[in-house]
Amino acid sequence: MDEAPTARADLVDLVFAAGVVGAGGAGFPTHKKLEASPRLLIVNGAECEPLLASDRYLMRRHADEIVAGVLAVADACDIPRVVIGTKSHYEREIEALRAAIRAAGAPIEIHGGDSFYPAGDEQVLIYEITGETVPPGGIPLALGIVVINVTTARHIELARRGEPMTRRLVTVTGSVAHPCLVDAPVGALPADLIAAAGGTTCDPFAFVRGGPMMGRYLPGDQADVMGYGKADAGLVVLPAHHPLVMFNETPEAHYLNNTSACIQCQLCTDMCPRYLIGHQMRPHLVMRSVSTFTYPEDLADALLCCECGICELFACPMGLSPRKVNEYAKRVLRARGVNRGDPEVHPEYTAERACRGIPQARLIDRWQLGSYPTDLDDVVRLDPARVTIPTRHGVGVPADPVVAVGETVVAGQVIASVDRAVTGALVHASIDGRVASVDASHITIERQGEAA
């Protein structure tokens, strides 16, 4: 066996053993991406969601580890071109990355783009850097491209040092006393993350698991359940009466029952980031089909929806939710065995793209988020008494627990395993302690002598 395949196999082994998954949101098992042989590696440092700041911090403070992880992937997988995609106004981050690249003598490019939403979307970033469109319903590898997040790149470097993915930075912001980045163990509870940021400054409150555009909105009384996973990058606390909370708490049935109020202005389609890279994603036609029960062929467009929220939170003048209607249409279509929309790329849809980007600052002001910081530099380490660790951290199958209630574990120990051949990731204990509960979806660990 020659050197390159050996290097790749060794890196894949280390990354699999460390349980590394994509830290940008989807949580795709990273070792699976390293099995490919792309022509281009794109490293995503554009931080898609408003208010989230962990990627920026890591680019400023740990650029050397990011670059080392990127180089390890490029060398092991024989990738001829590497580009870090970020935003041009991230000046300190770009300076730190360039210094690390120079120190490593690495042929890594940096692409600085505009600050618009959703600049950090994987397929949008590919279009920004290459001018190419990922085929609708396809993956970047169809173009010979692999994308990893900057945080993932750092975890690849840590995996090479034998460190499993047991902690991550979580942005905790919004209506909290001290918005900050929390260095948290995987499985940390929202309540503990909020406490690390000084507690809430409003009552009652809700919180967003993720970012305000695509995250999951939950009432404050859910803060003691559902530990954070490896791909969970943010927690935003909002007053319970905040307009974003109220919009997201409105039942899906309300939006389905009001599709007839759609005026077919087409703004949701005109602003859709998938439409603007050439996908036949036309939310206004999905709205028409649902409201009239005709034109069923238009429903298939919904399968290409990336659920970014622009259609409902920025474009629609009627206060409707094309996104929720798309989600409903997806469920209906998949139940009927329809799993793909139009597979063709339509370059004509991209003609007005340059003038339809939504400045992130404008989006923040639109939804009354302007009082919250968009850049954070304070890091608080969290070492809670209890963690509830998911067995599934994104795309793929859940890992099977290999520990029992009452068993003593140490941080870094494998507590849930998965067959290397399937798409999934190993799960490790993130704190020392005793296993308090085990089920198919979560494993709870309590520190010895400390109450849950």
Side-chain angles (χ1 to χ4, degrees), residues 21-28 47-55 117-118 120-121 149 151 165 167-176 179-197 199-202 204-240 242-250 252 306-309 312-313 323-324 327 364 367 369 372 374 376 380 382 384 386-396 398 427 430 441-444:
V21 303
F28 191 88
E47 205 131 43
C48 191
E49 281 273 9
L51 304 185
L52 301 194
S54 59
D55 285 352
Y117 178 78
D121 174 89
N149 177 266
T151 298
M165 193 172 183
R167 302 185 70 91
R168 70 152 298 151
L169 282 184
V170 179
T171 302
V172 183
T173 189
S175 295
V176 293
C180 62
L181 298 164
V182 179
D183 176 4
V186 172
L189 298 175
D192 291 327
L193 291 165
I194 293 169
T200 66
T201 58
C202 58
F205 74 94
F207 67 97
V208 190
R209 187 185 180 108
M213 292 297 288
M214 291 185 280
R216 182 180 178 188
Y217 283 71
L218 296 161
D221 61 11
Q222 294 293 303
D224 283 322
V225 297
M226 295 188 302
Y228 262 48
K230 300 175 186 180
D232 293 320
L235 189 159
V236 183
V237 174
L238 296 172
H242 190 280
L244 274 173
V245 175
M246 298 177 71
F247 187 93
N248 279 275
E249 286 182 345
T250 303
E252 180 187 80
C306 65
E307 301 176 19
C308 69
E312 63 181 7
L313 297 178
R323 171 166 65 173
K324 286 186 172 63
E327 291 172 353
I364 288 171
W367 283 102
L369 301 171
Y372 305 133
T374 57
L376 299 168
V380 175
L382 173 63
R386 177 181 59 162
V387 292
T388 298
I389 305 174
T391 57
R392 181 175 179 268
H393 292 265
V395 175
V427 178
S430 58
S441 59
H442 291 86
I443 299 171
T444 297

Participant: Could you tell me whether the side chain of Cys180 reaches within less than 4.5 Å of the side chain of Leu376, counting heavy atoms only?
Facilitator: no
Participant: Over all heavy atoms of both residues, which pair between Pro212 and Leu51 is shortest? Give the atoms and the distance, please.
Facilitator: CG-CD1, 4.4 Å
Participant: Less than 4.5 Å apart, side chain to side chain, heavy atoms only: is that true for Pro50 and Tyr372?
Facilitator: no
Participant: Nearest 0.5 Å, please: how far is CG in Leu235 from OG1 in Thr173?
Facilitator: 9.5 Å
Participant: Is there a side-chain contact between Thr200 and Ile194 in this structure, where contact means two heavy atoms from C-beta onward sitting under 4.5 Å apart?
Facilitator: yes
Participant: Is it true that Lys324 and Glu252 have a side-chain N and a carboxylate O under 4.0 angstrom from each other?
Facilitator: no
Participant: Quick check: do Met165 and His393 have side-chain heavy atoms less than 4.5 Å from each other?
Facilitator: no
Participant: Check the pair Thr374, Ile364 against side chain to side chain contact (heavy atoms under 4.5 Å, CB included), reporting the backbone distance first and the verdict last.
Facilitator: CA-CA 10 Å; Thr374 57; Ile364 288 171; 3.8 Å; yes
Participant: Would you say the side chain of Arg216 lies within less than 4.5 Å of the side chain of Met226, judging by non-hydrogen atoms?
Facilitator: yes
Participant: Of the non-hydrogen atoms in Lys230 and Val186, which two are nearest, and what is the gap between them?
Facilitator: CG-CG2, 3.9 Å
Participant: Where the side chain of Arg167 meets the backbone of Leu382, is there a donor-acceptor pair that is under 3.5 Å apart?
Facilitator: yes
Participant: With heavy-atom distances below 4.5 Å as the criterion, would you say the side chains of Leu244 and Leu369 are in contact?
Facilitator: yes
Participant: Quick one: are Cys48 and Met213 in side-chain contact, heavy atoms under 4.5 Å?
Facilitator: no
Participant: Can you tell me which residue among Phe207, Trp367, Tyr217 is in a side chain to side chain contact (heavy atoms under 4.5 Å, CB included) with Leu238?
Facilitator: Tyr217
Participant: I need the minimum non-hydrogen distance between Val237 and Cys202, along with the two atoms involved.
Facilitator: CG1-SG, 4.3 Å
Participant: Test Thr388 against Thr444 for side-chain hydrogen bond (donor to acceptor under 3.5 Å, both in side chains), laying out the working first.
Facilitator: CA-CA 4 Å; Thr388 298; Thr444 297; 3.2 Å; yes
Participant: For residues Ile389 and Ser430, report the shortest heavy-atom separation together with the two atoms involved.
Facilitator: CD1-OG, 3.6 Å
Participant: Would you say the side-chain atoms of Arg168 pair up with the backbone N or O of Thr151, donor to acceptor, closer than 3.5 Å?
Facilitator: no
Participant: Please report the interatomic distance CD(Glu249) to NE2(His242), rounded to the nearest 0.5 Å.
Facilitator: 12.5 Å
Participant: Looking only at heavy atoms, which two atoms of Asp55 and Glu47 are closest? And how far apart?
Facilitator: N-OE2, 3.0 Å
Participant: Restricting to non-hydrogen atoms, name the atom on Ala53 and the atom on Leu181 that form the minimum distance, rounded to 0.1 Å.
Facilitator: C-CD2, 4.0 Å
Participant: Is the backbone N or O of Glu327 less than 3.5 Å from a side-chain atom of Arg323, with the two atoms forming a donor-acceptor pair by type?
Facilitator: no
Participant: Roughly how far apart are Cys308 SG and Met214 CE, rounded to 0.5 Å?
Facilitator: 7.0 Å
Participant: Do side-chain atoms of Tyr228 reach the backbone of Pro185 as a donor and acceptor pair under 3.5 angstrom?
Facilitator: no
